[in-house]
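The figures that follow rest on heavy atoms only: side chains count, while hydrogens, waters and symmetry mates do not.
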Amino acid sequence: MAQKKAVHFLAIMLVAFALPTSLYGARGETTATKTLPVERSSVSVPRSKPTPAALPNVRQNPTQGIATNRKPVIVAEGDSISKYWGGNYTGIFKRSRPDIEFHGLAKGGSTIKSITARRDAVMALNPHVVSVFVGANDLGKYDDPSKFANALFAYAEPLKAAGIKVVFATNLARNVPTSPAFNFKHNRNRKEVSRLLRQAVGTKIDAVVDFAADPTMGTDAATGNRTLFSDGLHPTDSTHGVGEGGQRKLARIYTPVMNAVIDNLP
């Protein structure tokens, strides 16, 4: 009997010595995972490297903008396509925004040189936003389209420096029967200038009204549609009995871009 008790006691001791290795080891692992809460700012979370942005409109140098403690003042510059009146895209836009002060300063025959000469008059109005649509009369004169784009950016520089938001529009096609060579250079150049304008959003300018990208108004073939263009250059201002005229279609492209800029002023 004494021998059996001794064997039984020895078995109990062996089990007791075996327990810490499994039970206490498990407790050790459990305790390690139940740490006290720490402040979020003290935790370093590994982050993967961001993928470089593929879009050109990363805002590296956006215009700060002028605080709207008064009615937003908007100026539209350009040539005859943008000339302000009720049936023009600028006039259509103005009717949709009775809360703004709108100045249509575009004049027929204008070029980048002539709108630059009028820039002081634009700045004298203390605008919050200036939109510019120009090129129908002079883009076809440039052998290097980047020089035209640089002239546009030079126009924008003093406006941005004054805190004014600058919006440029990409060019429509041109198909005037009496000037085929000019048409060819214009249509070739507008593709590169459009690319440069899109790329400049957020740095040299604040937004683009991308007429050239529109599948209805922006194609080279669109100028041959007399319900959209009256003469291969000027968008129509009436329906011509089929749908809506070219100017109203331009308004549909122009309006959301301008609304976004105006509604996000400081």
> Got L139 and R190 here, is their nearest side-chain heavy-atom distance under 4.5 Å?
Replying inline: yes
>> Looking at P215, is its backbone amide N or carbonyl O close enough to the side chain of T219 to form a donor-acceptor pair, meaning the two atoms are under 3.5 Å apart?
In response: no
>> Quick test of your reading of the model: are R252 and E244 salt-bridged, counting only N-O distances below 4.0 Å?
In response: yes
> Would you say V176 and N183 make side-chain contact, with heavy atoms under 4.5 Å?
Replying inline: yes
>> For a side chain to side chain contact (heavy atoms under 4.5 Å, CB included) check, start with the C-alpha distance between L197 and L152, then their side-chain angles and the critical distance, and finish with the verdict.
In response: CA-CA 9 Å; L197 290 180; L152 289 175; 4.1 Å; yes
>> Can you give me the closest heavy-atom contact between A76 and T90, atom names plus distance?
In response: CB-CG2, 3.9 Å
> Is any side-chain N of the basic residue among R174 and D220 closer than 4.0 Å to the acidic one's carboxylate O?
Replying inline: no
> Passes side chain to side chain contact (heavy atoms under 4.5 Å, CB included), T227 versus T236? Steps please.
Replying inline: CA-CA 7 Å; T227 66; T236 55; 5.7 Å; no
> Roughly how far, to the nearest 0.5 Å, is CD1 of I74 from NE2 of H103?
Replying inline: 9.5 Å
> Given the rule that I, L, V, M, F, W and Y join up when any side-chain heavy atoms are under 4.5 Å apart, are M217 and V209 in one cluster?
Replying inline: yes
> Between the side chains of T111 and N137, does any donor sit under 3.5 Å from an acceptor?
Replying inline: no
>> Between R248 and D237 (side chain of the first, backbone of the second, donor and acceptor by atom type, cut-off under 3.5 Å), is there such a pair?
In response: no
> CG of L250 to CG of N88: how many Å apart, nearest 0.5 Å?
Replying inline: 8.0 Å
> Are I92 and I81 linked, directly or through other ILVMFWY residues, by side chains that come within less than 4.5 angstrom of each other?
Replying inline: no
> Roughly how far apart are Y84 OH and F93 CZ, rounded to 0.5 Å?
Replying inline: 10.5 Å
>> Return the NE2 to NZ distance between H128 and K71, rounded to the nearest 0.5 Å.
In response: 12.0 Å
> What are the two closest non-hydrogen atoms of K160 and K204, and how far apart are they?
Replying inline: CD-O, 2.9 Å
> What's the verdict on salt bridge (Lys or Arg N to Asp or Glu O under 4.0 Å) for R198 and D210, showing C-alpha distance, side-chain angles and the deciding distance?
Replying inline: CA-CA 8 Å; R198 294 169 190 138; D210 209 343; 2.7 Å; yes
> If you draw a 6.0 Å radius around NZ in K113, do more than 12 non-hydrogen atoms from other residues or ligands fall strictly inside?
Replying inline: no
>> Nearest 0.5 Å, please: how far is CD in E77 from CG in L159?
In response: 10.0 Å
> Looking just at side-chain N and O atoms, do S110 and R118 make a donor-acceptor pair shorter than 3.5 Å?
Replying inline: yes
> Looking at L172 and P235, what are the two nearest heavy atoms and their distance?
Replying inline: CD1-CG, 4.0 Å
> Are side-chain N/O atoms of H234 and D231 paired as donor and acceptor at under 3.5 Å?
Replying inline: yes
>> Parallel, tilted or perpendicular, judged at 30° and 60°: which one describes the rings of F148 and Y142?
In response: perpendicular
>> Whether the side chain of H186 engages the backbone of N175 through a donor-acceptor N/O pair (distance < 3.5 Å, no angle test) should be reported.
In response: no
> Side chains of L125 and L105: closer than 4.5 Å at any heavy-atom pair?
Replying inline: yes
> Between Y254 and S131, do the side chains contain an N or O donor and an N or O acceptor separated by less than 3.5 Å?
Replying inline: yes
> For the residue pair G232 and F229, what are the closest heavy atoms and their distance?
Replying inline: N-CB, 4.1 Å
> What are the two closest heavy atoms between D79 and G109, and how far apart are they?
Replying inline: CB-N, 4.5 Å
> If you draw a 6.0 Å radius around CZ in R97, do more than 12 non-hydrogen atoms from other residues or ligands fall strictly inside?
Replying inline: yes
> Is there a side chain to side chain contact (heavy atoms under 4.5 Å, CB included) between V130 and V132 once you walk through the steps?
Replying inline: CA-CA 7 Å; V130 173; V132 178; 4.0 Å; yes
> Does the pair I164 and V129 meet the rule for a side chain to side chain contact (heavy atoms under 4.5 Å, CB included), with working shown?
Replying inline: CA-CA 6 Å; I164 301 165; V129 184; 5.7 Å; no
> Is a side-chain N or O of D206 found less than 3.5 angstrom from the main chain of V167, in a donor-acceptor match?
Replying inline: no
>> Please say yes or no: joined through hydrophobic side-chain contacts below 4.5 Å, possibly via intermediate residues, are V134 and F153 part of one cluster?
In response: yes
>> To the nearest 0.5 Å, what is the distance between CZ on F168 and CG on L196?
In response: 12.0 Å
> Would a line drawn from the ring center of F211 to the ring center of F133 be shorter than 6.0 Å?
Replying inline: yes
> Quick one: does Q247's side chain have a donor or acceptor within less than 3.5 Å of a partner on G87's backbone?
Replying inline: no
>> If hydrophobic clusters are built by linking Ile, Leu, Val, Met, Phe, Trp and Tyr wherever their side-chain heavy atoms come under 4.5 Å apart, do L265 and V257 end up in the same one?
In response: yes
>> Restricting to non-hydrogen atoms, name the atom on A136 and the atom on L233 that form the minimum distance, rounded to 0.1 Å.
In response: CB-CD1, 3.8 Å
> Between I262 and Y89, is there a shared hydrophobic cluster once you connect ILVMFWY residues whose side-chain heavy atoms come closer than 4.5 Å?
Replying inline: yes
> Under a 4.0 Å N-O cut-off, is there an ion pair linking D214 with K249?
Replying inline: no
>> Within the supplied structure, the quantity of interest is the number of heavy atoms (other residues, nucleotides, ligands) at a distance under 6.0 Å from K185 NZ; does it exceed 12?
In response: yes
